[in-house]
Amino acid sequence: MVTPVKEDTELVTINIDGKDYQVPKGGNLVDMAKWVAGNDIPVFCYHPKMDPVGMCRMCLIELGGVARDRATGDIQYNDDGTPQIRWFPKLQTACTQTVNDGMYIKTNTEQVKEGRESVIEFLLTSHPLDCPICDKGGECPLQNLTMAHGNGVSRMYFDDKMHLNKHYPLGDLIYLDRERCIQCARCIRFQDEIVGDDVLAFHERGRRLQIITNSDPGFDTYFSGNTTDICPVGALTTGDFRFGARPWELTEVPSISPWDAAGENISLSTRLDRDFGGKAMIKRVMPRQNEYVNEIWISDKTRFGHHFTRSDNRLSKIQIRKGSNFSESTWDSTFKAVAKTLKEANGSVAAIAGGSATNEDLYELAQLVTGLGGDKLGAWSPTHTGADLVAQVGLPEGSNLGELGAGDAILVIASDLEEEVPMWRLRLKTAQDRGAYLVVANGRNTRLEELATEDPNIKGRVVDGAAIRYEAGSAAAVMANLKKSNKDIAKKLADANHLVIVAGAEGLTLEGHRALVQSAANFLIDSGHAGKVNSGLLVPLPGANGMGLHYMGFSPETTQDIAANPPKVLIVLNAEILDDDPTAKTWLSQVDTVITLGYFMDAIARESKFVLPVQTFAERDGSFTNGERRVQRFYTAQGPMGDAIPAWKAVGNIAQAADLGRAKLSAAAVMVAIAKNVAAFEGITYKVLARTERQFPDVGGDDKYYGGNAYQNTGGIGKQIALSGTAKSEKVTVPDALKAGKGEIVLLPTTRLYDRSHMFIPTVMVRSRVSLPFVHLNPKDAKALKLADGDYAEVNYDGGSVRVRAVVSDDVSVGAAVFPRKLTEKATPLVPTVGTITKVTEPAQIEG
Amino acid sequence: MAVIGNKKYSKQIEHHFSKYPDKRSAVMPLLYIAQEEYGWVNDDGIQEVAELCELDPTHVKSIAGFYTMYSEKSKGKYWLQVCTDLSCALRGADEFHKDLKAYLEVEEGGTTDDDLFTVEHVMCLAACDNAPMLQCNFHYMENLDMEKMKAWVEEKRAELQKELDA
């Protein structure tokens with residue numbers, strides 16, 4: 001359980017309203033009063049995830065301590081033998097008090113009541129009281145606390161009310177209403193303390209005090225939406241939900257982010273909506289508290305990226321190829337036709353599945369392929385590997401990145417974590433704030449590099465301290481030789497109490513990534529960290545269910561095998577093979593029949609014989625296994641799209657039509673079968689996944705002041721799969737880095753959080769923040785190619801060419817061009833490859 | 001116009017940086033330099049000061065907004081701050097202030113159409129004995145009356161006209 005009381009916590013006694021309580025020493029008074037006594041001291045500016053500032057004065061209490069003789073220090077007693085209490089003459093702010101032994105507080109006296117009433121009256125002097133049209137109305141801490149503690153009348157002259165800007169866009173996503181703002185500075189502190197990108201600040205003072213940003217372009221961090229959650233009034237609203245619905249109309253459905261390996265717990269606020277044919281529709285995405293996974297935060301991609309589920313481009317009908325055209329069909333006949341095709345393949349059947357398929361989908365797909373006599377199950381995309389090692393030396397059960405702090409160390413290598421798994425980046429950043437030693441190693445400059453722990457004793461190549469900049473593509477060699485080449489850093493890592501290594505695949509081929517992950521595992525095993533709680537290996541596997549792919553038998557190495565030895569029939573589930581990989585069309589042409597199950601009519605679907613529409617995470621229930629091996633369940637939230645059904649159901653029915661046993665009737669039933677047949681999932685049922693527990697800090701409960709800030713977890717905190725297997729420190733053979741010939745250059749694909757993939761592009765409001773396609777070159781390389789920053793360049797590679805803008809800076813290494821994936825509609829290299837870049841002058845032909 | 005790279009200020013900037021352990025601590029004196037350069041603290045000035053002090057521009061703007069001696073509105077070439085506190089008022093400063101505004105045809109805090117003069121009233125400038133007085137771009141003009149003032153205003157207007165003609 002996530003609690004403030006650990007085994008070794010020292011407890012002290014405090015007295016709240018005449019009753020004694022044992023609380024952990026050093027805790028915050030507001031948090032402790034709530035945790036042990038259920039005493040809700042009202043707050044506006046205080047937030048348990050951030051440092052107290054005592055700005056709003058709402059938490060006023062009477063505070064006292066045991067009186068001691070000033071000369072001797074002895075406790076002074078009353079005549080009846082009870083200790084004398086010395087009270088402060090004036091009210092004190094509870095949020096700025098840490099509990100200590102002998103602390104006495106009163107929260108229910110006349111003085112306290114009057115204090116709270118006055119603060120409310122003061123805060124409301126310039127508040128517009130436009131609750132009837134305010135998005136926060138109904139779940140607003142200011143509204144709640146006014147009802148609970150306010151006087152009901154104001155002595156303020158209405159003419160003296162401040163009139164300020166009411167629809168001020170801080171960026172593309174967040175709008176500010178300056179009249180509603182009560183100047184608690186939670187948003188400012190969130191950006192500063194939690195994200196580490198302090199682009200918000202106060203301007204002017206007194207009654208004119210207001211929030212501003214001078215950042216250009218606007219307020220656009222990857223976590224900006226969280227400021228609207230923690231805003232205790234309706235001052236900050238998202239462009240997505242603004243004026244969209246009233247909170248009391250919404251049904252909260254627990255769900256899981258479909259985007260990345262973090263597996264952020266979310267709550268989908270749905271309502272039966274005219275805009276979606278009267279069906280339940282997601283109106284907004286809110287964070288759901290899970291202190292093990294995402295605490296109370298979510299990334300903007302998770303918050304705003306739900307639009308693809310209702311996109312007009314979603315596949316809603318079954319499409320079967322007749323010659324060069326597709327015609328629609330019904331499920332029953334399709335099941336039969338697909339089953340017939342599969343049986344005729346005589347076992348030459350393989351499947352490739354992507355990271356947005358659920359555990360249930362993958363299990364049923366694996367059953368189908370093996371039932372037909374095939375044994376090749378490929379994981380998409382073949383860029384990241386090492387899931388098997390995460391299963392062995394990952395973070396053990398009971399681990400929590402939120403507990404990393406002083407004495408611990410983190411190494412992030414070959415990953416731009418902010419772009420790949422923003423939630424991990426956020427949690428590792430806060431771990432560093434608590435004192436963890438953060439080492440960032442990459443072949444180029446990333447935002448994360450700025451966060452690396454500064455250490456003047458360690459001379460780095462770029463900055464002094466824990467930032468290692470290596471030759472692009474040499475991550476595996478750097479990790480394997482860390483103890484020799486970066487002795488000081490390696491020693492700090494090895495000596496840390498807990499060590500987490502995040503091993504990304506940037507600049508690496510699949511073989512290179514295998515070598516990197518194995519080296520990282522070796523390091524953990526050699527230093528004795530493997531298997532220790534809060535220590536272990538993380539891999540930013542693409543998609544929400546990268547670990548699920550591993551447990552269900554899908555591996556990226558098999559994908560390579562499938563490409564090398566194409567089967568007669570290939571089943572593709574949620575893998576945009578042709579959009580992602582320009583070289584795939586060569587081997588796909590040797591596959592007789594492709595059966596695609598997906599969300600969109602993407603390039604692989606257009607090449608398929610059967611295209612089956614399947615449901616997204618929003619319209620069905622299921623489970624994902626996140627990068628920390630936590631199996632988490634999500635529930636049906638949105639109404640169905642056309643004829644789409646869950647993939648497990650489609651696959652199960654195909655199996656039934658192929659005489660491979662009866663199709664399961666529910667996702668829960670599939671999970672029962674998984675628990676029986678997949679060792680790692682033993683004991684996992686939907687009931688186990690739905691288990692919740694009380695979490696610290698206590699937010700989103702029955703109190704009146706965190707309401708609308710974060711949602712209590714009612715859908716389950718999931719279950720982490722125990723480590724299995726006995727990984728040994730193995731000798732690693734580092735494959736040779738790619739070498740470019742004369743006139744060529746190595747292209748290193750990277751991941752961007754906001755891209756032009758089929759799933760993300762329907763999120764129109766974020767479109768302006770998707771980078772235009774570019775290739776990033778070192779000035780030396782650019783000079784040789786006669787390219788200047790901002791020029792247009794044609795990038796040629798195996799399987800295609802694309803025109804993009806050139807970015808020139810020494811943030812990238814010589815001899816390698818950073819070439820982000822999925823920024824163009826054309827497929828660009830998926831894995832590092834050798835290509836050429838030439839200058840072009842026709843900007844009109846730029847892609848994207 | 002610029003603060004960065006302007007020879008006029010490079011020595012001053014160095015001097016301010018040398019006074020503090022951190023560059024960010026010099027933000028306030030540097031803001032004064034920006035104000036001197038542009039006449040007010042505009043976005044260009046904020047960007048430049050942020051760059052010099054290695055701060056986020058948002059924070060520089062926040063500081064400029066908090067302190068009233070930084071002006072975030074564009075001002076005329078001559079920023080006239082008339083003291084109208086009690087002892088000055090006893091010597092006719094409030095009348096002087098009113099007359100001056102009427103003569104220049106501006107409201108309180110307003111700027112003349114030719115962008116030459118901005119007039120506002122301020123609290124005590126510690127020159128009561130020489131009232132009516134005002135502060136023009138932080139330099140004192142004392143023992144004033146409307147005759148003197150009109151002459152000075154016309155002189156400045158003529159200067160502007162000359163500049164425009166040239």
Side-chain angles (χ1 to χ4, degrees), chain A residues 53 55 162 164-165 168-174 176 178 181 183-224 227 235-236 429 447 449-451 454 456 463-465, chain B residues 1-4 20-35 37-75 79 81 107-110 118 120-123:
Chain A
V53 286
M55 288 170 76
M162 292 297 294
L164 299 167
N165 201 327
Y168 183 79
L170 285 175
D172 297 329
L173 306 174
I174 309 294
L176 170 65
R178 288 191 163 136
C181 177
Q183 292 108 27
C184 70
R186 272 187 186 176
C187 53
I188 297 177
R189 290 182 289 143
F190 170 79
Q191 282 301 125
D192 184 20
E193 293 174 28
I194 311 283
V195 182
D197 190 8
D198 47 351
V199 293
L200 296 180
F202 276 135
H203 192 232
E204 305 231 17
R205 54 170 138 166
R207 274 168 71 73
R208 290 205 64 85
L209 195 68
Q210 47 197 292
I211 304 287
I212 55 150
T213 180
N214 236 37
S215 93
D216 181 29
F219 173 39
D220 75 338
T221 67
Y222 287 156
F223 305 99
S224 62
T227 57
L236 292 173
K429 188 262 165 194
R447 285 282 309 275
E449 200 174 76
E450 290 167 23
L451 299 175
E454 282 175 30
V463 281
D464 288 343
Chain B
M1 283 173 106
V3 173
I4 295 177
Y20 307 103
D22 283 332
K23 281 192 160 182
R24 55 180 296 150
S25 309
V27 62
M28 294 190 60
L30 261 54
L31 273 171
Y32 275 120
I33 294 178
Q35 179 156 289
E37 174 64 15
Y38 297 102
W40 55 296
V41 180
N42 61 2
D43 276 354
D44 290 349
I46 284 170
Q47 283 295 346
E48 288 182 300
V49 173
E51 212 173 292
L52 286 167
C53 297
E54 289 162 16
L55 279 167
D56 193 289
T58 307
H59 286 268
V60 178
K61 191 173 167 110
S62 177
I63 290 161
F66 184 84
Y67 295 101
T68 49
M69 292 288 273
Y70 298 116
S71 166
E72 289 192 283
K73 269 194 225 140
S74 93
K75 291 266 190 288
W79 179 11
Q81 296 174 301
E107 295 289 310
E108 171 66 21
T118 301
E120 66 184 24
H121 75 100
V122 290
M123 296 286 176

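Any value given below was found using the heavy atoms of this structure, including those in side chains, with hydrogens, waters and symmetry copies removed. Here is how names work: the chains are called A, B, and so on, in the same order as the sequence lines, proteins then strands, and each is numbered from 1.
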#### Entry: Residues of residues 44-51 of chain B near chain A, each having a heavy atom less than 4.5 Å away
B:Ile46, B:Gln47
### Task
Using a cut-off of 6.0 Å, state whether more than 12 heavy atoms not belonging to B:Glu108 lie near its atom CD.
yes
### Set of residues satisfying ring pair (Phe, Tyr, Trp, His ring centres under 6.0 Å) with respect to B:His121, sequence neighbours excluded
B:His97
### Query
In chain order, what residues pass the ring pair (Phe, Tyr, Trp, His ring centres under 6.0 Å) check against B:Tyr32, with sequence neighbours excluded?
B:Tyr70
### Task
Output, in order, the C-alpha distance, side-chain angles, deciding distance and verdict of side chain to side chain contact (heavy atoms under 4.5 Å, CB included) for A:Gln183 and A:Met55.
CA-CA 8 Å; A:Gln183 292 108 27; A:Met55 288 170 76; 5.5 Å; no
#### Entry: Between CD1 on residue B:Ile4 and CD on residue B:Glu37, distance to nearest 0.5 Å
11.5 Å
### Task
With rounding to the nearest 0.5 Å, note down the distance linking CD1 in A:Ile188 to OG in B:Ser62.
7.0 Å
### Query
Is a side-chain donor or acceptor of A:Gln191 paired with a backbone partner of A:Asp197 at a separation under 3.5 angstrom?
yes
### Task
Check the pair A:Thr227 / A:Phe219 against side chain to side chain contact (heavy atoms under 4.5 Å, CB included), numbers first and verdict last.
CA-CA 11 Å; A:Thr227 57; A:Phe219 173 39; 3.9 Å; yes
### Message
At under 4.5 Å between heavy atoms, what parts of residues 205-215 of chain A are in contact with chain B? List them by residue number.
### Response
A:Arg205, A:Ile212, A:Thr213, A:Asn214, A:Ser215
### Summary
Given the options B:Leu52, B:Val60, B:Asp22, B:Val27 meets side-chain contact (heavy atoms from CB on, under 4.5 Å) only with B:Val60
